[in-house]
A.B. asks: 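Quick one: this structure, given as structure tokens, is what I'll be asking you about.
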Protein chains: 2
Amino acid sequence: MSSLDEFALIHRLTQGKQSLAFQQASGVEIGIGDDAAVAHLAPGSQLVMTCDTMTEQIHFKDITMRNPDIGYKAMAAAVSDIAAMGAIPRYALVAVSFPKETSQTRMEEIYEGLYECANRWSVVIVGGDTTSSAGGITVSVTVIGEVEAGKALLRSAAKPGDVLFATGELGRSAAGLDFLLAQNVPNKQWNDDLNWKERLSLIQAHCRPEPQVEAGQLLQKSGVCHALNDVSDGLASEAWEIAEASDIGIDLIEDRIPIADELMSYAQQAGKDPLDFVLFGGEDYQLVGTMQAEHAITLQMKFKEAGLTLHIIGYVNAETKGVRLVQSSGYVLPIEKKGYNHF
Amino acid sequence: MSSLDEFALIHRLTQGKQSLAFQQASGVEIGIGDDAAVAHLAPGSQLVMTCDTMTEQIHFKDITMRNPDIGYKAMAAAVSDIAAMGAIPRYALVAVSFPKETSQTRMEEIYEGLYECANRWSVVIVGGDTTSSAGGITVSVTVIGEVEAGKALLRSAAKPGDVLFATGELGRSAAGLDFLLAQNVPNKQWNDDLNWKERLSLIQAHCRPEPQVEAGQLLQKSGVCHALNDVSDGLASEAWEIAEASDIGIDLIEDRIPIADELMSYAQQAGKDPLDFVLFGGEDYQLVGTMQAEHAITLQMKFKEAGLTLHIIGYVNAETKGVRLVQSSGYVLPIEKKGYNHF
């Protein structure tokens, strides 16, 4: 905190947004207002820590995201990393830099998004820093979670005999971004499109992603999940990370990859291959991982009971390295590792 | 992480900088490379969390800081917040945004500074995010520490009968900045000044501040320290924070405030009041706090044994509010709360 003006600003942006009762129930002893926050985790649990940054022009701009979306998504991306360890997100620190000309309304709306997402997943914002920037808004979120000691789900844990799963449809966020960029008008002015309901669903996937905290918990507690990743850079990149870290190969089965109707419809209209969005798009924040094949059906039923889905979309191939796509025709295609490049 | 290029870059900036043995000895189970890091704290300890951001043009520019200083100081500022709770810094996550034109050398030097400071205080960098920015470099550091449950030193804990202490000389960093800005040439080209040794000491205070982790530990373990703050915004601002949070008044005794010779010399040459640097300068990262008066001498001796200093510079005044300066003449001056405004 570098000046008293900043102190007053931070006070306005953060004061009274999360009740003392909620903070205390979450193990917070000292929240925002001292040099640092103090909290405790459950006995026997390990710390899980991650950090995600979103910068203007790179991760968002006026034509792609509204102010509250920026805060919401920055928090969601970090929460998703915690979910991808099978851990529970608990505390967040947010570092936000604003150019001097940023309106107070814009700042407040970005913070509203941060708090909306934090509240949704019961994360307490215990600190942060609000500073000026020389150009562009930067939102950096650190989330600290907890997991039972030794139970974190690593990307290096895939084993021969595992199947590959995904907790939801992929590629929707990238299609939403593709649509917004094609419209090239500030987000919210786009909805004269004939298929606005379908487009809205894709835009929602891009602007308001849902970290799969509950799914991550189910997977961790099941005891049969091996490797786990969240989809920040597209299925190809995430599968590659698991394959490389675990020193195995992964075969994706094209027919088993769930593709949302609205993605099919958009891809058709835009003259693009829906699978490109799935494989090389990003920021879906669904979970992708591997598990013992024989427990798949039981776990799928548990997911269904919880109102969640678990799609089996491939398997670990102990005879290969890297990632391949088994097409409907039976043809097997090597899949590049390339991740999603913003804009 | 938004693209594979970034992945390769982060790998280059962070790989092999801290040994696996050091990380494991520090309780890290999973470091950089998975969705999130996993570590454990000592049983019975609480989490202490803080975040500090430095942005180009606001907190640093070419004429004030060299590349490694930027990383070093960003880490030092966050470590200092942990020290100011009487806690031990353990883990850090660093979010760095670079404009696209930033040279790889510059990036590497900033990361070298981050690691140099982290190594100095045995902090493991367990994660972070490296992204592009639309303008200016932003370095945001989150540090997670630990403290014995219930033992954190809060700024709200000052009590009537306490004396006010500082762990070192104040105002040196602000004087160093003042000198660098007056020179108005890139830092490192200034040293044709006649008094370069004295100037270098002030510049060092500005560019390479020393968080008072050991002093914070001594204070916490002493059991007689009440309130504690680190000096990020100048003595006046920090004393005000303690006074307001503790609902008491603080009287500073002008004759007891230690002022470094090199600060006296610089202030004289620049025609400025050295006390202005002390009261309204910032970023000294010394600790200021209150303790039971009767234990002051014993604790001062403990500090001396540890090669540290503890200056008694004032006292809690139960009859007043806010901060006052008791001048040599006996005249008592109310002190404004104004903090340090960058540039």
Side-chain angles (χ1 to χ4, degrees), chain A residues 1-4 7 29-30 34-41 43 46-53 55-59 81-82 84-85 87 91 93 95 97 126-129 131-136 138 140 142 144-145 147 149 152 154-155 229-230 232-233 237 282 337-342, chain B residues 1-4 7 29-30 34-41 43 46-53 55-59 81-82 84-85 87 91 93 95 97 126-129 131-136 138 140 142 144-145 147 149 152 154-155 229-230 232-233 237 282 337-342:
Chain A
M1 213 169 292
S2 60
S3 77
L4 293 177
F7 191 82
E29 186 170 309
I30 306 294
D34 213 306
D35 296 298
V38 181
H40 62 264
L41 298 181
Q46 285 178 315
L47 273 178
V48 184
M49 301 166 276
T50 189
C51 175
D52 254 288
T53 302
T55 57
E56 196 170 355
Q57 301 310 330
I58 312 297
H59 299 86
D81 281 329
I82 300 292
M85 303 298 282
Y91 313 117
L93 298 101
S97 301
V126 294
D129 206 355
T131 54
S132 299
S133 88
T138 300
S140 188
T142 297
I144 294 150
V147 68
L154 312 182
R155 60 179 61 150
N229 245 6
D230 68 326
S232 47
D233 293 324
S237 172
K337 197 183 171 180
K338 70 177 176 184
Y340 181 70
N341 278 294
H342 286 272
Chain B
M1 215 168 294
S2 60
S3 77
L4 292 178
F7 191 82
E29 186 170 309
I30 307 294
D34 212 305
D35 296 298
V38 181
H40 62 265
L41 298 181
Q46 285 179 314
L47 271 180
V48 184
M49 302 165 276
T50 189
C51 174
D52 254 289
T53 302
T55 58
E56 195 171 354
Q57 301 309 329
I58 312 297
H59 299 86
D81 281 329
I82 301 293
M85 302 299 281
Y91 313 116
L93 298 102
S97 301
V126 294
D129 207 354
T131 54
S132 299
S133 87
T138 300
S140 187
T142 297
I144 294 151
V147 68
L154 312 181
R155 60 179 61 151
N229 244 7
D230 68 327
S232 48
D233 293 325
S237 172
K337 197 184 172 181
K338 68 176 178 186
Y340 181 70
N341 278 295
H342 286 273

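These figures come from a predicted structure and were not determined experimentally. First the proteins, then the strands, lettered A, B, ... as listed; each starts at 1. Computed from heavy atoms alone, side chains included, the values below leave out hydrogens, waters and symmetry copies.
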A.B. asks: Measure A39(A) against the heavy atoms of chain B and call it side chain, backbone, both or neither at under 4.5 Å.
C.D. replies: both

A.B. asks: With a 4.5 Å cut-off on side-chain heavy atoms, are I58(B) and T131(A) touching?
C.D. replies: no

A.B. asks: Using non-hydrogen atoms and a 4.5 Å limit, figure out which bit of E29(B) sits close to chain A: side chain, backbone, both or neither.
C.D. replies: side chain

A.B. asks: Can you list everything that forms a salt bridge (charged side-chain N to carboxylate O under 4.0 Å, His left out) with D35(A)? Sequence neighbours excluded, please.
C.D. replies: R155(B)

A.B. asks: Which region of V48(B), side chain (C-beta onward) or backbone (N, CA, C, O), has a non-hydrogen atom less than 4.5 Å from a non-hydrogen atom of chain A, or is it both or neither?
C.D. replies: both

A.B. asks: Name the region of L93(B), side chain, backbone, both or neither, that has any atom closer than 4.5 Å to a heavy atom of chain A.
C.D. replies: side chain

A.B. asks: Rounded to the nearest 0.5 Å, what separation is found between the CG atom of L47(A) and the CG atom of L47(B)?
C.D. replies: 5.0 Å

A.B. asks: Quick check on A152(B) against chain A: is it the side chain, the backbone, both or neither that has a heavy atom closer than 4.5 Å?
C.D. replies: side chain

A.B. asks: Picking from A134(B), A36(B), A87(B), which has the most non-hydrogen pairs under 4.5 angstrom with chain A?
C.D. replies: A36(B)

A.B. asks: Output all residues satisfying side chain to side chain contact (heavy atoms under 4.5 Å, CB included) with S133(A), sequence neighbours left out; order by chain, then residue number.
C.D. replies: S97(A), P99(A)

A.B. asks: How long is the gap from CG on N229(B) to CG on D34(A), to the nearest 0.5 Å?
C.D. replies: 6.5 Å

A.B. asks: For T53(A), which atoms come within 4.5 Å of any heavy atom of chain B: side chain, backbone, both, or neither?
C.D. replies: both

A.B. asks: Below 4.5 Å, heavy-atom pairs only: which of A95(A), G136(A), P43(A), G127(A) has the largest tally toward chain B?
C.D. replies: A95(A)

A.B. asks: Name the one of I30(B), V38(B), V126(B) that satisfies side chain to side chain contact (heavy atoms under 4.5 Å, CB included) with M49(A)?
C.D. replies: V126(B)

